[in-house]
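Order of the sequence lines sets the chain letters (A, B, ...), proteins ahead of strands, with each chain counted from 1.
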Number of protein chains: 2
Amino acid sequence: METAYHPTQRTTPTRYRERAHYDRVTVHGILDEALVCHLGYVSDDRPVVLPTTHCRVGETLYLHGSTGSAPMLAAKRAGLPVCVTATLVDGLVLARSAMHHSLNYRSVVVLGTARLVEDQTEKRRALAALLDHIRPGRAADCRPPNARELAATAVLALDLVEVSAKVRDGGAVDDPQDHALPYWAGVIPLHLVAGTPQPAGRACLHADTPQNPYNQAPSRARGGNS
Amino acid sequence: METAYHPTQRTTPTRYRERAHYDRVTVHGILDEALVCHLGYVSDDRPVVLPTTHCRVGETLYLHGSTGSAPMLAAKRAGLPVCVTATLVDGLVLARSAMHHSLNYRSVVVLGTARLVEDQTEKRRALAALLDHIRPGRAADCRPPNARELAATAVLALDLVEVSAKVRDGGAVDDPQDHALPYWAGVIPLHLVAGTPQPAGRACLHADTPQNPYNQAPSRARGGNS
């Protein structure tokens, strides 16, 4: 397999061409790190962009959905032309001039026609990969979907063929004549970090979720009136 | 002004209706917190989704772009039908069953026809707001754009009319018969946090950026061969 995707007219930017990347390692890394992607499709001649979870298995991108949703139904009929974009924000770039402010980011755009996954083996494998994408190893550490749950979930597949990445990194780049201006310039890095895990017993105190006796202390679980 | 946007057929979800929100406070909060949005439009009958920076000024959303880009040119001609989506990921929701895994998130979808901002006063105001969105107060703390820079930058405006938010929060919600399964369930919160600011002198050591003598120590700046 070649190490890079072939650029097409649609995946060649008109500006900042040096930010475009086509090598699979860069593309895969961004898709694998991003927790959500944005699925774009056309409905009644108008664009629709929805966030969803995804995962990559080799050169196929899988997207999670529900069987009744409009894009899934369209994909089932004839395949759905889509643009899937995943973006990671790495930092704020503050320059001395307004014009040169920017963000450091890494993004991937995948163009193509998505198909609905109908093969049950592929569907199970894709759903497992979706879990492992969110949390490596998780698919083997929970109850797998039963037949009813499997039928209620839809998965779209999109081959990675027309693909590009765009990466802006490095520091603030001001015009030389602005270097002496008395404004702070530089990068404020941004990181997505995990906080303290909240086990379901605590999380279930949230108004939206039911009480979960399994995670309460035995004495309270038996107490009955808390 | 009414406190909420009017739901339309396109902003009413078919599933998880309890996650849909239309109040301006919720919508504004998500748009104001998100550092990037995803701009969707239709090009040659196919969807395109690109990440870009945005800001909200009252009930108008401004998007940053470059004058030569396809969506800006289309917007200049006749207005551009768009879908702009901003998404914040707040946590991983790990359930005991594969089916009930989820993400906690907050997203906003704005539908409408974007116009190119041609009024220079509005354009300057929008560009200042874009900077203040990235870093509050920043527009007053840098050199403002000159006429050439202003001409090289394009700004799209989109009125907040057909708008909805979607919010998933709270804990893992498993089926009661799964509560005794021996798998960890709960939420792993996620936060976007700022790291140590990297002043331009250090950032400019990065290979992608030019040397910036202003931030180097005088002895090295004069040394010439480092």
- B:Ala152 to A:Met99 - nearest heavy-atom pair and separation: CB-CE, 4.2 Å
- Message: Given heavy-atom pairs under 4.5 angstrom as the criterion, report whether the side chain, backbone, both or neither of B:Asp175 touches chain A.
- Response: side chain
- How would you list, in number order, the residues of residues 37-49 of chain B that have a heavy atom less than 4.5 Å from chain A? B:His38, B:Gly40, B:Tyr41, B:Val42, B:Asp45, B:Arg46, B:Pro47, B:Val48, B:Val49
- Message: Please classify the contact between B:Leu192 and chain A as side chain, backbone, both or neither, with a heavy-atom cut-off of under 4.5 Å.
- Response: both
- Of the listed residues (B:Pro144, B:Ala194, B:Gly91), which shares the most heavy-atom pairs with chain A below a 4.5 Å separation? B:Ala194
- Message: Looking at every non-hydrogen atom in both residues, tell me the closest pair between B:Pro145 and A:Ala98 and how far apart they are.
- Response: CD-CB, 3.7 Å
- What part of B:Asp141 is in contact with chain A, defined as an atom under 4.5 angstrom from a non-hydrogen atom: side chain, backbone, both or neither? both
- Task: Determine which residues belonging to residues 124-140 of chain A lie within contact range of chain B, meaning some heavy atom pair is under 4.5 Å apart, and list them by number or answer 'none'.
- Result: A:Leu131, A:Ile134, A:Arg135, A:Arg138
- Item | Selection from A:Leu50, A:Thr153, A:Leu103 maximising heavy-atom pairs under 4.5 Å formed with chain B | A:Leu103
- Roughly how far apart are B:Gln177 CD and A:Arg143 CZ, rounded to 0.5 Å? 7.0 Å
- Determine the minimum heavy-atom distance between A:Ile188 and B:Gly195, stating which atoms define it. CG2-O, 4.3 Å
- Message: Less than 4.5 Å to any heavy atom of chain A: does that hold for the side chain of B:Val109, its backbone, both, or neither?
- Response: side chain
- Side-chain contact, heavy-atom cut-off 4.5 Å: B:Thr85 with A:Pro51? yes
- Do the non-hydrogen side-chain atoms of B:Leu35 and A:Leu190 ever get within less than 4.5 Å of each other? yes
- Item | Which of B:Pro13, B:Pro81, B:Ser107, B:Ala86 touches chain A most, by non-hydrogen pairs under 4.5 Å | B:Pro81
- Which atoms of B:Leu150 approach chain A - backbone, side chain, both or neither, heavy atom under 4.5 Å: neither
- Which bit of B:Ser97 is near chain A, if near means a heavy-atom gap under 4.5 Å: side chain, backbone, both or neither? both
